[in-house]
2 protein chains.
Amino acid sequence: MLEAKLQEAGTLKKLLDSIKELVTDANFECNEEAIVLQAMDNSHVALVSVKFSAAAFKRYRCDRPMPLGVNLTSLNKVLKCAKDDDICTLKAADEADVLNLVYEAKNSDRIAEYDMKLMDIDADTLQIPETEYDARVTLPSSEFTRIVRDLSQLGESVRIEVSKEGVRFASDGEAANGSVLLRQSDGAHISGSVIKPKSDDKDGDDEDEAEGSSSKKEKTKIKKEKGDDDVDMTEEQNEEEGEKEDEEEEYKPVENGDDGEEEQDNEDEDEDEEGGSKKRKKKANGTSKPAKKPKTAKSKGKAAEEDESADGVVIEMNQHVCLTFSLKYLVNFSKSSSLSNKVQLMMSNDVPLLVSYDFNQGYIRYYLAPKIGED
Amino acid sequence: MLEAKLQEAGTLKKLLDSIKELVTDANFECNEEAIVLQAMDNSHVALVSVKFSAAAFKRYRCDRPMPLGVNLTSLNKVLKCAKDDDICTLKAADEADVLNLVYEAKNSDRIAEYDMKLMDIDADTLQIPETEYDARVTLPSSEFTRIVRDLSQLGESVRIEVSKEGVRFASDGEAANGSVLLRQSDGAHISGSVIKPKSDDKDGDDEDEAEGSSSKKEKTKIKKEKGDDDVDMTEEQNEEEGEKEDEEEEYKPVENGDDGEEEQDNEDEDEDEEGGSKKRKKKANGTSKPAKKPKTAKSKGKAAEEDESADGVVIEMNQHVCLTFSLKYLVNFSKSSSLSNKVQLMMSNDVPLLVSYDFNQGYIRYYLAPKIGED
DNA sequence: ACCGTCGCGA
DNA sequence: TCGCGACGGT
């Protein structure tokens, strides 16, 4: 039995507005700790991962894990019937085939109730590569929206390059080429700390809870390897990880470029020629440049983004990265800017980009494989 | 000869925006007391009734009754040429084939003049059932708009139920079912007073002026009967009213449901088994529940809506009603919300719904027959 | 009040 | 498939 009371229906509304174009059906996996949604986008190029921690709710109760198969188009319709400041309660009985949504006006003189049919959706609980990254750029989400929208007018794809100069977004098009350079707000941009996704959840590790039994450290490493292989679009990746569960798949991003052939093992173009890639970060640290301790605060630990000023750009970099992505998807991701003032872009060479919007006790993350052969 | 000077062209503009989709051609019946438009919508399901009292105009003169056959699409185009705060004067000579519109800017530094061709339109001056109702719900027009728009996302029709609980709008759809409950703002919702349409005109009876020669009392009763028959879609309604004029028809709403058979005399399902239906209200008063005098003011007399606070919901009920309507039409009606902050829904079981937007010295009313066989 | 997006009709 | 109209959002 699920009962989750959200103070502001607007949060959920914005969330659905963000992803409805990318994903049409998905399971909301509810358990006692959180509600999580993970799904490939409709063209199986990008991966969307959403999480609402139990603490995100005014009240939360979920006796036992239950997947709620939802048609997001329907859910979006139902959510359109809520006002942003309505109190929204989600209810589902065990084994229910409907999700009950109650919208309560602030002043309580209006109560709307909706029952939305649920559906069975193949429980492809995807393993998300939980990796460390070579660079993280934290920037105002509006800025990101602006940049990708601007560049999408020129070309199909954008080259994102993080260097000591800052972060550069560049696109080449028929009519014009464009490039936007963002510098760290206060100049610092080299980090020697661990760069991995972290939301503002109290527990920085909780995004691993759905994974296998190996320790977090091990998993990180393994995921990392898989991430590398994934980018090469090799289907035969039966390495040493043994935690794959029955219906769980790995996130195998499809190359979304149109010019990319399979380029197995061509990640040695950069300074990243490590075959097993045990610790990409460490190596980067050693070979590329000495890790300066960031003069700005919070490039380490879990406080990275929430105490950063709202409109600053923070660049954390352990290694120079240069990746190319489809702008169409980035533009789509950037719709989530209504959910957070800031967005984090996390990158390693030849590894899927992670775009993360963190909000109060939850996040929405997008993974997108780079186009290869053009950086 | 007609000459009518309207302080704000915006009023007329909004009016035409409201109805242009529903009606494309109609007669503006002008006489010395008012300009009235009555027309079935294009699909002959709903009836639209508009009235501008002479007092609505800054200056008004109409020597003798004249019908102005107007293509509303054209009129709308011409009105688009006026600014909202222009002073708008309508002029038509006797037997004229054009309507002359003059727009005068507030500061008089601009005068625009248009001549719009008139047309002959079958003068189907409809008799509107002037009935008493079992329930009236007065609510902010924006709220009504919101509710019908929301529910129209889910299903085709809405069930409106007025009970002591409040008023409930419910719709069932493929993907989801929805229900919105509004409670009387301050808790009172039972009325023992006469419930009939009343605008904020000084003369509460003036909506009868286009009718026959019988006294208002008689007419009310007669109309009531006709209303009942109408709903049953019987074509043979040649009762005792003798004021039917040559080209005048009755408003015979077409059943807009798809599953409804004719259900003559099945209004005895509820507490309303009165064959002749002399005074539905009285009976209801006696049988349903004692009429509590509303603790809130103004559930009686003609001051009902204008001194009600802007965003309150007032429910007056003499009897429980439950009716089903096509949402498509209600959504269309709700476009008139720009004309008034409030809207009144008046209902009796098995009788067409009346949706009324009252504005300064005038109103726009919509009548819509219920779907039958599903409430 | 204006602009952009979506849906419907030609 | 293109154009026009309507609706919703900024």
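Throughout, a chain's letter reflects where its sequence line sits, starting with A, and its residues are numbered from 1. Predicted model only: the values in this text are computed from it and were never measured.
- Between the side chain of Asp86(B) and the backbone N or O of Lys83(B), at least one donor-acceptor pair lies under 3.5 Å.
- Tyr103(A) has its ring centre less than 6.0 Å from the ring centre of Tyr114(A).
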Quick one: what's the B/S/- string for nucleotides 5-10 of chain D, heavy-atom cutoff under 4.0 Å, read 5' to 3'? -SSS--
Stepwise salt bridge (Lys or Arg N to Asp or Glu O under 4.0 Å) check, Glu104(A) with Arg110(A): CA-CA 6 Å; Glu104(A) 210 172 325; Arg110(A) 178 179 190 272; over 6 Å; no
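- Residues forming a side chain to side chain contact (heavy atoms under 4.5 Å, CB included) with Lys328(A) (at least two apart in sequence, or on another chain): Ser326(A).
- In this structure, the side chain to side chain contact (heavy atoms under 4.5 Å, CB included) partners of Lys20(B), at least two apart in sequence or on a different chain, are Asp17(B), Asn76(B).
- At the heavy-atom level, Asp84(B) lies under 4.0 Å from the strands shown only through sugar-phosphate atoms.
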